[in-house]
Amino acid sequence: MPQDHPRTATTGRFAPSPTGDLHFGSLLAAVASYTQAKVSGGQWLLRIEDIDPPREVSGSAERIVADLQRFGLRSDRPVLHQSTRITAHRDALQELLDRGLAYWCGCSRSQLPHSGIYPGTCRNGLPAGKRRRVVRLKVAAEPVRFTDEVQGEVTASLQQTVGDFVIWRADGLPAYQLAVVVDDAFQQITEVVRGADLLASTVRQIQLQRSLGLLTPRYAHHPIAVGADGRKLSKSTSSDPIRATPPASLLQTALRFLGQPCPSEAGLDLDGTWRWALDNWSLSRVPRQLEIPLRMGL
Ligand code: GLU
């Protein structure tokens with residue numbers, strides 16, 4: 001049986017990748033995870049997910065930490081840099097390989113079917129002529145089920161949607177899915193609050209927790225902000241006013257986006273807005289939607 005975290009003291013986290021600066025979309029996850037941890041009397045941790053050097057933007061990790069501080073968001077423990085955890089990621093990989101729960105795959109991208117579902121070509125050993133490229137996790141035949149604290153019941157079959165997925169990359173780096181599961185467990189995270197664009201990843205992460213015998217945190221996925229064109233706000237959306245807008249008013253916008261009826265009268269400064277947030281936050285008010293178009297000033 002899967003093991004869920006008991007409802008004891010909450011430890012939440014925000015885990016940005018340093019692939020660009022903080023933007024409104026990532027601020028939402030920071031605010032939601034922080035407020036949820038704090039109203040539960042818990043801790044909030046910041047983890048910089050710097051395990052993808054090719055995508056890293058120099059200086060962005062430091063700028064994310066500094067920008068979060070402008071909003072009063074400080075990690076309750078020293079910031080964890082995921083790049084310091086590669087040995088633990090490798091150990092988890094080895095455990096899965098040793099237990100026959102993962103395997104080396106020699107298929108190149110061009111050999112994968114258009115469906116995106118890995119057909120299991122290398123599941124029973126590397127076919128002759130193929131060399132080790134990536135490591136894949138064997139996914140269970142039965143669907144993964146969990147209750148998301150915002151989105152409700154989720155049931156998804158990994159076998160029918162992705163098949164055995166990559167947990168160790170061809171460039172010798174851990175895949176995000178493996179690293180995030182190992183480090184959420186290491187930091188004893190009990191509740192993961194983040195954008196709904198990661199809902200599909202959660203299904204993979206729960207499968208990995210089960211394979212590794214780790215506890216499954218509670219999950220809450222808030223709607224993501226999309227632009228007028230329907231596309232996710234991204235770090236490259238340069239119109240993002242994170243530094244141009246006073247933190248108090250951007251925090252109020254974030255809270256309202258997250259369904260919290262933060263008053264819009266002028267006069268609430270940053271401290272006052274946080275007091276309001278901590279007195280009034282309710283996860284049950286976060287809209288049960290995957291995405292919402294952003295109207296600044298809402
Ligand atoms: N590092 C991931 C990102 O910035 C998010 C990780 C997570 O919240 O699990 O998209």
Side-chain angles (χ1 to χ4, degrees), residues 5 10-37 43-57 60-65 67-68 73 75 79-86 89 92 144 146 148-151 154 165-167 169 173-209 212 214-226 231-237 240 242 254 258 286 290-291:
H5 261 288
T10 296
T11 304
R13 51 60 152 191
F14 176 53
S17 305
T19 51
D21 288 0
L22 191 74
H23 57 96
F24 186 76
S26 45
L27 179 69
L28 289 173
V31 168
S33 58
Y34 176 87
T35 317
Q36 175 65 11
Q43 290 203 320
W44 181 77
L45 309 183
L46 179 57
R47 181 171 76 229
I48 299 291
E49 301 212 314
D50 54 349
I51 47 156
D52 196 353
R55 290 185 58 230
E56 213 162 291
V57 173
S60 65
E62 294 74 19
R63 286 196 298 276
I64 290 171
V65 175
D67 282 341
L68 288 169
L73 294 163
S75 181
V79 176
L80 179 67
H81 286 79
Q82 206 163 37
S83 53
T84 63
R85 299 269 309 142
I86 299 282
H89 305 150
V144 170
F146 70 100
D148 186 87
E149 295 182 299
V150 172
Q151 306 293 338
V154 178
F165 60 89
V166 174
I167 56 170
R169 301 172 10 168
L173 294 167
Y176 154 68
Q177 309 291 357
L178 179 68
V180 82
V181 159
V182 169
D183 291 342
D184 278 342
F186 172 68
Q187 294 191 287
Q188 298 183 305
I189 302 301
T190 61
E191 188 166 32
V192 173
V193 182
R194 60 187 178 191
D197 53 330
L198 288 168
L199 203 49
S201 284
T202 300
V203 178
R204 299 181 201 199
Q205 289 165 25
I206 291 176
Q207 168 75 72
L208 260 168
Q209 286 151 3
L212 286 165
L214 299 172
L215 296 176
T216 290
R218 299 188 293 280
Y219 285 98
H221 290 86
H222 62 74
I224 60 160
V226 293
R231 289 177 51 197
K232 180 184 159 186
L233 295 190
S234 71
K235 292 166 187 173
S236 52
T237 314
D240 235 1
I242 278 281
L258 293 164
V286 177
L290 299 178
E291 51 181 53

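Each ligand, and each atom within it, is numbered from 1 in the order the structure gives. Index from 1, following the sequence.
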Note to self: Tell me whether the rings of Trp44 and Tyr34 are parallel (<30°), tilted (30 to 60°) or perpendicular (>60°).
What the structure shows: perpendicular
Check: Can you list the ligand 1 atoms lying under 4.0 Å from a non-hydrogen atom of Val180?
Finding: 9 (O)
Item checked: Leu198, any N or O under 3.5 Å of ligand 1 N or O -> no
Note to self: Main chain of Ala32, side chain of Thr35: is a donor-acceptor contact present, judged purely on distance under 3.5 Å?
What the structure shows: no
Note to self: Using modelled atom types and a 3.5 Å cut-off, is there a donor and acceptor pairing between side-chain atoms of Thr190 and backbone atoms of Thr11?
What the structure shows: yes
Notebook entry, point to check: How about Leu28 and Ile224: do any of their side-chain heavy atoms sit closer than 4.5 Å?
Noted result: no
Next item on the list: For ligand 1, indicate whether the residue Tyr176 contacts it via side chain, backbone, both or neither (heavy-atom separation under 4.0 Å).
Entry: side chain
Checklist line | Within reach of ligand 1, part of Arg13 (heavy-atom separation under 4.0 Å) | finding: side chain
Item checked: Ligand-side contact atoms (ligand 1) for residue partner Pro16, heavy atom cut-off under 4.0 Å -> 1 (N), 4 (O)
Note to self: Please list, in number order, the atoms of ligand 1 under 4.0 Å from a heavy atom of Glu49.
What the structure shows: 1 (N), 2 (C), 5 (C), 6 (C)
Check: For the side chain of Gln151 and the backbone of His221, is there at least one donor-acceptor N/O pair under 3.5 Å apart?
Finding: yes
